[in-house]
Protein chains: 2
Amino acid sequence: MATIYDVSVLAGVSLATVSRVMNKNAKVSEKTCKKVLDAMAELGYRPNAVAQSLASNRSNSVGILVSELKGQFYGAMLSGIEAELREAGKHVIITAGHANEADEIDGIEFLIDRSCDALILHVEAVSDEYLVELSKGAVPFVLINRNIKELADNCVSLDNEKGGYVATKTLIDKGHKDIAYIAGPMWKSDALGRLAGHKRALAEHNLNFSDELFFEGNYRQSGGVAGMNHLIESGKSFSAVVCANDETASGAMTVCRENNLKIPEEVSIVGFDNIIFAGHLYPKLTTLDYPIIEMGHMAAKLTLQNSYQANNLKIKHLFDPELIVRDSVSKIN
Amino acid sequence: MATIYDVSVLAGVSLATVSRVMNKNAKVSEKTCKKVLDAMAELGYRPNAVAQSLASNRSNSVGILVSELKGQFYGAMLSGIEAELREAGKHVIITAGHANEADEIDGIEFLIDRSCDALILHVEAVSDEYLVELSKGAVPFVLINRNIKELADNCVSLDNEKGGYVATKTLIDKGHKDIAYIAGPMWKSDALGRLAGHKRALAEHNLNFSDELFFEGNYRQSGGVAGMNHLIESGKSFSAVVCANDETASGAMTVCRENNLKIPEEVSIVGFDNIIFAGHLYPKLTTLDYPIIEMGHMAAKLTLQNSYQANNLKIKHLFDPELIVRDSVSKIN
DNA sequence: TTGTAAGCGTTATCAT
DNA sequence: ATGATAACGCTTACAA
């Protein structure tokens with residue numbers, strides 16, 4: 001592998017000059033520049049990224065921590081992040097935090113040790129205090145899907161409360177009054193936000209929130225299954241259920257079918273996230289679109305701006321979920 | 001940030017000795033070792049990964065190229081790979097190849113420039129020749145979901161042909177004779193393999209393969225939609241359709257419902273991959289399980305063995321898909 | 001067992 | 001505009 005030294009010899013210039021043409025940060029006469037470029041081409045020279053990092057103290061890599069690699073949601077998020085960063089010549093180092101505190105901290109330290117220039121974190125278990133503390137450290141980071149007041153400038157998040165509100169409001173507008181709720185894990189802030197929106201919609205329309213029509217799930221199908229079973233067994237009547245996400249809805253729908261509860265005639269269902277499969281469930285799921293790919297792009301842009309002096313980027317911190325109407329909600333009188 | 005030098009001063013030993021205790025590769029007296037460890041602890045020393053790489057010519061990073069980051073399948077794959085590698089202290093640099101040749105080559109070069117010690121490639125567009133050529137280069141790699149004779153030792157793949165065979169055989173055993181096929185893109189080797197298995201099963205039972213009951217899809221829901229519409233419009237009768245993957249099946253099922261074709265009474269359907277949603281479609285999809293997480297682990301193990309002298313690892317190159325019987329296939333007489 | 005010192009391939013600060 | 005040269009933080013012969 002040719003080094004910068006080989007290039008300098010062949011071009012008949014100094015190391016420094018070669019470095020200059022690579023980095024285009026200082027004036028080099030057109031002639032010299034061409035000589036260098038030719039030499040590079042002839043040798044098939046490729047800069048050694050590691051040596052560059054050591055000397056410049058920048059690695060051009062950004063570390064990404066997500067809860068899980070599997071699942072539609074995280075894939076979409078990574079997709080947005082990677083596309084944006086790759087285009088800027090940065091690369092992403094990805095690791096998983098498994099939504100528990102020890103692993104998340106572990107992952108963050110792992111990435112920092114890997115000398116990432118910046119981090120994009122999708123963390124759920126770690127406390128706000130920890131993050132505020134972390135922000136005083138040397139490695140800047142952006143938070144995705146989380147909003148902490150003190151770090152607001154570095155957050156990209158969804159208005160979960162509004163989403164929860166819209167989901168329930170949609171049902172109310174269709175005449176529903178007995179509305180059940182299958183939540184996500186109550187220690188996750190987005191799950192809390194969605195539930196809060198649900199409660200606000202209820203309150204605004206003078207409907208009571210009933211503990212019996214509430215179930216804490218896990219954001220997965222199994223939670224929807226357990227939740228719907230619980231609701232049916234409770235004996236309390238309900239005409240609709242809002243599910244904290246689409247996977248939960250999918251599980252709930254399966255149980256409805258097994259119990260011959262017709263959707264949407266007997267039970268209306270609203271999901272959240274609008275994952276690809278939402279449109280292929282039966283019936284097609286009415287849900288709230290979570291623009292996660294776009295948000296991944298935005299987190300990456302924010303990173304580019306904060307850590308790589310990109311500018312003229314339009315930054316947006318808070319995104320709105322959008323109602324996608326399909327077939328799982330019916331009107332009642 | 002403390003450096004190895006600071007540690008050596010505080011511990012009262014040389015740089016080399018500190019390096020030795022870090023790498024545990026040479027004898028250091030217990031006493032000295034303790035002194036060094038204490039000094040490290042006191043300073044909160046963290047080795048600089050970049051400097052280590054430059055000096056040792058190993059980066060402890062492995063580059064992963066996948067077609068897409070979004071979608072269940074790739075997420076599951078990455079999950080297996082990352083878990084295995086992370087446990088070994090390696091980190092993964094991930095990039096996407098978008099299933100087209102230019103981007104795949106681009107991605108590979110990007111990763112090589114990033115001085116990865118090894119690569120794990122999920123490539124579809126690049127030719128066998130290119131890969132054979134690449135294997136002569138300096139950076140070793142493992143191929144996942146692809147099997148090239150010359151590189152067999154570095155491949156981890158699924159027996160797609162067998163899977164296609166089993167899918168169709170299952171239908172034949174249930175009495176089906178008019179079996180349609182909605183394929184994946186015919187330039188993908190796994191799509192070809194699955195189709196080949198389908199044809200073999202047909203031939204073994206003296207059933208003809210009919211061009212009219214064949215449709216080339218795209219491995220996505222839209223392909224299943226288009227395929228099933230095509231089959232219905234063709235007017236040819238069929239009692240079953242095997243779909244090249246679950247997403248295709250999902251799209252096809254949606255069309256069946258819209259046309260009041262009852263599954264499985266009027267049309268039986270078999271999928272492939274067993275993605276999470278397969279069990280939550282309506283009806284629950286009979287499909288072939290693709291053990292992709294396990295295969296991700298295996299690709300990582302192979303990498304650990306080839307590039308990081310791990311040993312005692314049980315390596316398996318070819319995996320078998322396994323039939324998962326659910327509700328989308330019926331018996332006919 | 002431990003220390004000395006020469007790299008690893010760049011960048012960046014001085015001079016010139 | 002260009003060239004020397006000292007870092008960057010670590011590994012690894014080679015000596016002792």
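These numbers were taken from a predicted model, which means no experiment stands behind them. Below, chain A is the first sequence line, B the second, and so on; all start at residue 1. These numbers come from the heavy atoms of this one structure, side chains and all, not from hydrogens, waters or symmetry mates.
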What are the atom names and distances for every N/O pair under 3.5 Å that joins the protein to nucleotides 1-5 of chain C?
residue	atom	partner	partner atom	Å
C:dT2	OP1	B:Ser29	OG	2.8
C:dT2	OP1	B:Thr32	OG1	2.2
C:dT2	OP2	B:Ser29	N	2.6
C:dT2	OP2	B:Thr32	OG1	3.1
C:dG3	OP2	B:Ser14	N	3.0
C:dG3	OP2	B:Ser14	OG	3.2
C:dG3	OP2	B:Thr17	OG1	2.7
C:dG3	N7	B:Arg20	NH1	3.2
C:dG3	N7	B:Arg20	NH2	3.4
C:dG3	O6	B:Arg20	NH2	2.3

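- Phosphate proximity of D:dC10 to B:Tyr45: present, with a side-chain N or O under 4.0 Å from OP1 or OP2.
- Close to C:dT11, at under 4.0 Å from its OP1 or OP2, lies a side-chain N or O of A:Ser19.
- With salt bridges taken as basic N to acidic carboxylate O contacts below 4.0 Å, one links A:Arg146 and A:Asp128.
- B:Asp106 has a carboxylate O that lies under 4.0 Å from a charged side-chain N of A:Arg86, or vice versa, which qualifies the two as a salt bridge.
- A:Tyr290 has its ring centre no less than 6.0 Å from the ring centre of A:Phe319.
- Taken residue by residue, residues 55-63 of chain B places heavy atoms nearer than 4.0 Å to DNA chain C at B:Ala55.
- A:Gln52 has its CD atom 17 Å from the P atom of D:dG9, to the nearest Å.
- OP1 or OP2 of C:dT11 has at least one side-chain nitrogen or oxygen of A:Asn23 nearer than 4.0 Å.
- A donor-acceptor pair is defined here as one N or O able to donate and one able to accept, closer than 3.5 Å; no such pair exists between the side chain of B:Asn23 and the backbone of B:Asn25.
- The closest side-chain donor-acceptor pair between A:Ser79 and B:Glu68, if any, does not fall under 3.5 angstrom.
- Using a 4.0 Å cut-off between a side-chain N of Lys or Arg and a carboxylate O of Asp or Glu, B:Arg46 and A:Asp113 qualify as a salt bridge.
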